[in-house]
Number of protein chains: 2
Amino acid sequence: MRWYIASMKSPDRTQTARPSYHHGDLRQALLLAAKALIAEAGIDNLSLRKLAERAGVSRTAPYHHFSDKNDLLCAIAAQGFRRRHQAAQDTFNDPSLTAAQKFAEYICGYVRFAAENPEEYELMFGRNIWKQKHSTQELLDVAYPCFQHQLEMITSWQASGLIGGDNPLRTSQVIWGTVHGIAKLLIDGIYTDSAQIEEVSQCAVTLFIKKAS
Amino acid sequence: MRWYIASMKSPDRTQTARPSYHHGDLRQALLLAAKALIAEAGIDNLSLRKLAERAGVSRTAPYHHFSDKNDLLCAIAAQGFRRRHQAAQDTFNDPSLTAAQKFAEYICGYVRFAAENPEEYELMFGRNIWKQKHSTQELLDVAYPCFQHQLEMITSWQASGLIGGDNPLRTSQVIWGTVHGIAKLLIDGIYTDSAQIEEVSQCAVTLFIKKAS
DNA sequence: GGTGCAATTTTGACACTGTCAAGATGCGTT
DNA sequence: AACGCATCTTGACAGTGTCAAAATTGCACC
């Protein structure tokens, strides 16, 4: 009966009211609540304690579903990679687009994705996650194919003569760097005018595409 | 005489032994000690308390020289901007270099600077500093001319026909994005092999320089 | 030389964080 | 019905940034 009292104290549970002492699907509820909290106040203001309270459980309950705070963040980042990977594959496999259109959509779509989900993108590429051994195996398993797919796309565009360069790996590293850098400068508030996103992306496209001259 | 006892407890003071109760130049000592600590254990592991202990003062002493932890970090970041700005100016004003050489040196030098001072670079562009109103006036005063100078350099290279694009602002935003992105991916450990730095930078140079054909 | 002021430093305290250990609770299986 | 195990809670600890009030000292002025 104790949980009922706790439920009265914090009725603002992201998920539906817990039907019993055991939550049922706390892991999912935590992920949802975490994303909500991050969207409200940013990553820096996310604490496991606030998160637990939001989910209507005690402080240490999350530790039975995530070994660590970092583990939770990696799980959210993994979701982001899945979404981005799916979107990139969709445009690349769209038969109604020319190679040039696909390339332009890759560049603009990448930056747009980061601009529309700044906190999630920050999580996906935050230094705390990738530096050293902080990344979960799940994150690696999801992120690596995403990186690989990027490499394949750019390599194919280069092979078809759409863009310049000679070494495919190096070229794709540069282009990835470009979109990543634009996204970062934008998210971090250094490119203050976020209305210019599309223009900057478009400029990048024209700079990389080889002129047919 | 209390300070003497304190001095015995933590003799590892970055600066020389404090000659009196008043430190003399605690602000400078704190900046030095902070950079040392960051170099040892990274930004995330820097706490004001450890820093104060390292400098041989009490926990709250730093608050009389920096209003905030963020204020301290901004001061370190400002130093980084000054160094980078100086280096960029030096190469740009070097009369023994051609425009193409200057451009290549700008790209490679930028990435090299970030790779050689990863923590400082992280500080200079960390989201916590630029997001919202977290940046000090001093930081703005130092960083803005640095950004401006970058814009001028790239604009001049574009005007001389060395690199493509039409809108100077957009072009320089893309190129800055490229070097920033490469640097970030490198620092955050996503481009694992740091021996490729120069190759990637060089590839970026060749991708941007207009072929004389 | 003594005195008072202002700069500097310290001690104490508070709220908050991540995380561990030990106990409580309830579901599923035997 | 009873046991085991996954799940959740309470209690606790070390660490963090930061504020308020007290202590210490250097310096200018009489």
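Here is how names work: the chains are called A, B, and so on, in the same order as the sequence lines, proteins then strands, and each is numbered from 1.
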What I want to check is whether an N or O donor and acceptor connect the side chain of [X] with the base of [N] at under 3.5 Å.
X	N	result
Arg49(A)	dG18(C)	yes
Arg59(B)	dG15(D)	no
Thr60(B)	dT9(C)	no

Between Phe147(A) and Phe81(A), ring centroids under 6.0 Å: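 Judged by ring-centre distance (under 6.0 Å), Phe147(A) and Phe81(A) do meet the cut-off.
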Minimum-distance nucleotide to [X] side chain [options: [options]]:
X	options	answer
Leu26(A)	dG18(C), dC8(D), dT18(D)	dC8(D)
Lys69(B)	dG18(C), dT10(C), dG17(D)	dG17(D)
His65(A)	dT19(C), dC8(D), dT18(D)	dC8(D)

5'-most by nearest nucleotide on DNA chain C - His64(A) or Lys50(A): Lys50(A)
Residue closer to the 5' end of DNA chain C, Ser67(A) versus Asn45(A) (nearest nucleotide): Asn45(A)
Side-chain H-bond candidate by donor/acceptor type, Tyr121(B) with Glu116(B), under 3.5 Å: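 The answer is no; no qualifying pair exists.
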Pair Arg82(A)-Gln79(A), side-chain donor/acceptor within less than 3.5 Å: no
Could you state the [atom1]-[atom2] distance from [X] to [N], rounded to the nearest angstrom?
X	N	atom1	atom2	value
Glu53(B)	dT10(C)	CD	P	12 Å
Tyr63(A)	dT17(C)	OH	P	11 Å
Asn128(B)	dG17(D)	CG	P	13 Å
Asp25(A)	dC8(D)	CG	P	10 Å
Leu51(A)	dC16(C)	CG	P	17 Å
Leu72(B)	dT16(D)	CG	P	15 Å
Phe66(A)	dC20(C)	CZ	P	16 Å
Asp71(A)	dT19(C)	CG	P	10 Å

SB check Arg84(A) Glu120(A) (cutoff 4.0 Å): no
Note: Arg112(A)-Glu198(A) ion pair, threshold 4.0 Å (strictly below): yes
Sugar-phosphate, base or nothing in reach of Ser47(A), heavy atoms under 4.0 Å: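 Counting heavy atoms under 4.0 Å across all strands, the contact made by Ser47(A) is with sugar-phosphate only.
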